[in-house]
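Nothing here was measured: the structure is a model prediction, and the numbers come from that model. Every number for a ligand or one of its atoms is a count from 1 in the order of the listing.
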Amino acid sequence: MGTWLTRARTASLAGHHRFGAWALALVAAFIAPTELKAQTTFSDDETARIAALGPWPQSVPADPGNALSGQPWAEALGAQLFRDTRLSGSGQIACISCHSPIQGFSEPRRVALGAKQHVRNTQGLWDIGLQRWFGWDGGADSLWAATLRPMLSELEMAGSIDHIANRFRGEQHVIDAIRSHGQDPAALSDTEFTVFLSKSIAAYLRTLTSPQTPFDQFRTDLLSGNLAGQARYPEAAKRGLKRFIGEANCVVCHVGPKFSNGEFHDIGRPFFTGVGQVDGGRYAGIQRLRQDPFNLLGQHTDNPSDSDARKTRTVTLGQSNFGQWRTPSLRNLSLTAPYMHDGSIDTLRGVVDHYADIDPTRLHTKGEAILKPMTLSDVERNDLVQFLKTLSVAERD
Ligand code: HEC
Ligand code: HEC
């Protein structure tokens, strides 16, 4: 709008456009005064809330129970394995088949298609090392367990431990890696061998840190009082940000530098996956976690006394966990459409509409009273979308 205004004014001054001055008056009459002054300001309290959404990037903790975490040779091996179709039962599916790097390590399908039809959307993997529970339902308590899971899942790669171990036992680069870790490859059981591969992939995934975004730049400029820098951040995004940290209550769950509290909530998305079939969300996740021989309480963890295992020991299961999903990070959203655990919303505008028009009777667990319908105009909804877009470097839509 600003550019057009300037152009209209220039044209009328130059006398080339006889409707220039008239057009300018008309435009001025239709734009609210705030729009002309272009100034959304933030109070001290709001500035403190914005400060809590950074800094970025964050340092990534080690993967619990994974002695290979942070080892450069393991990261390099993991990067190769991530692209290797031989980890799958059919020999045709690699991690990268679903987790595409140019799509934020997710994919445009609503729900994944692996060895069988999945019921869930492929999660993006940027910044995955900052999570403490993995999967939409938190069914894994470490990154290496979350990496082993798809290899063995019937819906995803449908591999088996002995097949995977046998396929890679003869690979020189794997043998070298195991030796460099001070172990004898021949002495490892098939399970230990396959766990070693999953820990290497997890070491690689931990290095995936997404870059700074226009929002991060604005936050820095706001905190340092750089007015020229602040002016470069779009006015619509500022208004959206104000609502995000304010009356829309989004920061209650999408909080901190990764825009997620890492916890599980019900936001009223459907949980039926077919006639008579439901996806239990966190409820199913806790059951899966407890039965998983590869959880942090099991014998394959490299550090049995790891204090991280406490979260697994103390997790409790309740009816309210039904229909809850892990709050997703909001970074790189422009790359990871469609949205939600079942990929049921195609656009960011669709997500904002879901929250604005939320049906409280759809919230099947109690206690999410944070979410209430909001009367938002078209412009106000678009403001939230514009803000969310500034949490990505590249834009797709
Ligand atoms: C068929 C598609 C498909 C393949 C192949 C696949 N994934 Fe996934 N990935 C998914 C889906 C779907 C989810 C969400 C699963 C859930 O919530 O149960 C997911 C989730 C994850 C997560 C958890 C992300 C988070 O935010 O918590 C990690 C880590 C992961 N995958 C890594 C891998 C690795 C490593 C491989 C290869 C060994 C792989 N995936 C292969 C589809 C796939
Ligand atoms: C009560 C906690 C909570 C609040 C408040 C909340 N969210 Fe969410 N958000 C979630 C959860 C949980 C999901 C995942 C739900 C699912 O997969 O079905 C989600 C999903 C999303 C997604 C999709 C991300 C993806 O990768 O699929 C976006 C975008 C989003 N929320 C934005 C917002 C905005 C904007 C607001 C404020 C209007 C907001 N959220 C308020 C918990 C919350």
Heavy-atom nearest neighbour in the protein, as seen from atom 18 (O) of ligand 1, with distance rounded to 0.1 Å
Arg120 NH1, 2.8 Å
Think Arg120 forms a cation-pi with Trp325, using NZ or CZ under 6.0 Å from the six-ring centre and within 45 degrees of its axis?
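No cation-pi geometry.
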Distance-only side-chain donor-acceptor flag, [X] / [Y], under 3.5 Å:
| X | Y | value |
| --- | --- | --- |
| Asn226 | Ser224 | no |
| Asn295 | Thr312 | no |
| Asp279 | Thr273 | no |
| Thr213 | Asp216 | yes |
| Ser43 | Asp45 | no |

Run the numbers for me: atoms of ligand 1, each under 4.0 Å from some heavy atom of [X], listed by number.
| X | answer |
| --- | --- |
| Gly114 | 1 (C) |
| Met157 | 5 (C), 37 (C), 38 (C), 41 (C) |
| Leu143 | 29 (C) |
| Thr147 | 35 (C), 38 (C) |
| Ile128 | 24 (C), 25 (C), 26 (O), 27 (O) |
| Leu113 | 1 (C) |
| Ile201 | 35 (C) |
| Gly135 | 17 (O), 23 (C), 25 (C), 27 (O) |

One residue to check: Ser88. Relative to ligand 1, which of side chain, backbone, both or neither has a non-hydrogen atom less than 4.0 Å away?
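Neither; no heavy atom under 4.0 Å.
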Heavy atoms only, cut-off 4.0 Å: how does Glu107 contact ligand 1, side chain, backbone, both, or neither?
neither
Flag the pair [X] and [Y] as a salt bridge only when some basic side-chain nitrogen lies within less than 4.0 angstrom of an acidic carboxylate oxygen.
| X | Y | answer |
| --- | --- | --- |
| Arg49 | Glu46 | no |
| Arg110 | Asp346 | yes |
| Arg313 | Asp141 | no |

Which atoms of ligand 2 sit under 4.0 Å from any heavy atom of [X]?
| X | value |
| --- | --- |
| Tyr339 | 23 (C), 25 (C), 27 (O) |
| Leu330 | 28 (C), 29 (C), 30 (C) |
| Arg269 | 18 (O) |
| Asn249 | 5 (C) |
| Leu333 | 24 (C), 26 (O), 29 (C) |
| His341 | 16 (C), 17 (O), 18 (O) |

Arg149 and Asp292: CA distance, side-chain angles, deciding distance, salt bridge (Lys or Arg N to Asp or Glu O under 4.0 Å) verdict
CA-CA 9 Å; Arg149 189 196 54 74; Asp292 187 359; over 6 Å; no
With a 4.0 Å cut-off on heavy atoms, is [X] in contact with ligand 1?
| X | value |
| --- | --- |
| Val111 | no |
| Ile96 | no |
| Ala140 | no |
| Arg109 | no |

With ring pair (Phe, Tyr, Trp, His ring centres under 6.0 Å) as the rule and sequence neighbours excluded, what pairs involving residues 275-296 come up?
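Non-adjacent pairs meeting ring pair (Phe, Tyr, Trp, His ring centres under 6.0 Å): Tyr283-Phe322, Phe294-His300.
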State yes or no: do Leu384 and Val255 share one hydrophobic cluster built from I, L, V, M, F, W and Y residues joined by side-chain heavy-atom distances below 4.5 Å, directly or via other members?
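Result: no, two separate clusters.
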What count do you get for protein N/O/S atoms less than 2.8 Å from atom 8 (Fe) of ligand 1?
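N, O or S atoms of the protein closer than 2.8 Å: 1.
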State whether the side chain of [X] and the backbone N or O of [Y] hold a donor-acceptor pair below 3.5 Å, judged by distance alone.
| X | Y | value |
| --- | --- | --- |
| Ser198 | Leu148 | no |
| Arg169 | Pro185 | yes |
| Arg132 | Asp308 | no |

If you measure from each heavy atom of [X] to ligand 2, is any distance below 4.0 Å?
| X | answer |
| --- | --- |
| Val352 | no |
| Leu371 | yes |
| Val252 | no |

Please walk me through it: do Arg381 and Asp357 pass side-chain contact (heavy atoms from CB on, under 4.5 Å)?
CA-CA 11 Å; Arg381 290 171 193 228; Asp357 305 330; 2.9 Å; yes
Which of these, Gly323, Gly281, Cys250, has its nearest heavy atom closest to atom 34 (C) of ligand 2?
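It is Cys250 that holds the nearest heavy atom.
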If you group Ile, Leu, Val, Met, Phe, Trp and Tyr whenever their side-chain heavy atoms sit less than 4.5 Å apart, what else falls in with Trp56?
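Cluster partners of Trp56: Val60, Leu130.
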Once you restrict to heavy atoms under 4.0 Å, what part of [X] touches ligand 2? Side chain, backbone, both or neither.
| X | result |
| --- | --- |
| Tyr355 | side chain |
| Trp136 | side chain |
| His254 | side chain |

I need the Lys116 NZ to Glu154 CD distance, nearest 0.5 Å.
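So the gap between those two atoms works out to 4.0 Å.
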Taking distance alone, with no angle check, do Arg326 and ligand 1 share an N/O pair under 3.5 Å?
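Checking ligand 1 against Arg326, an N or O pair does fall under 3.5 Å apart.
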Taking the six-membered ring where the residue is Trp, are the ring centres of Phe215 and Phe244 under 6.0 Å apart?
no
Give me each pair satisfying salt bridge (Lys or Arg N to Asp or Glu O under 4.0 Å) with a member in residues 85-107, each pair once, sequence neighbours excluded.
Asp84-Arg86, Arg86-Glu171, Glu107-Arg109
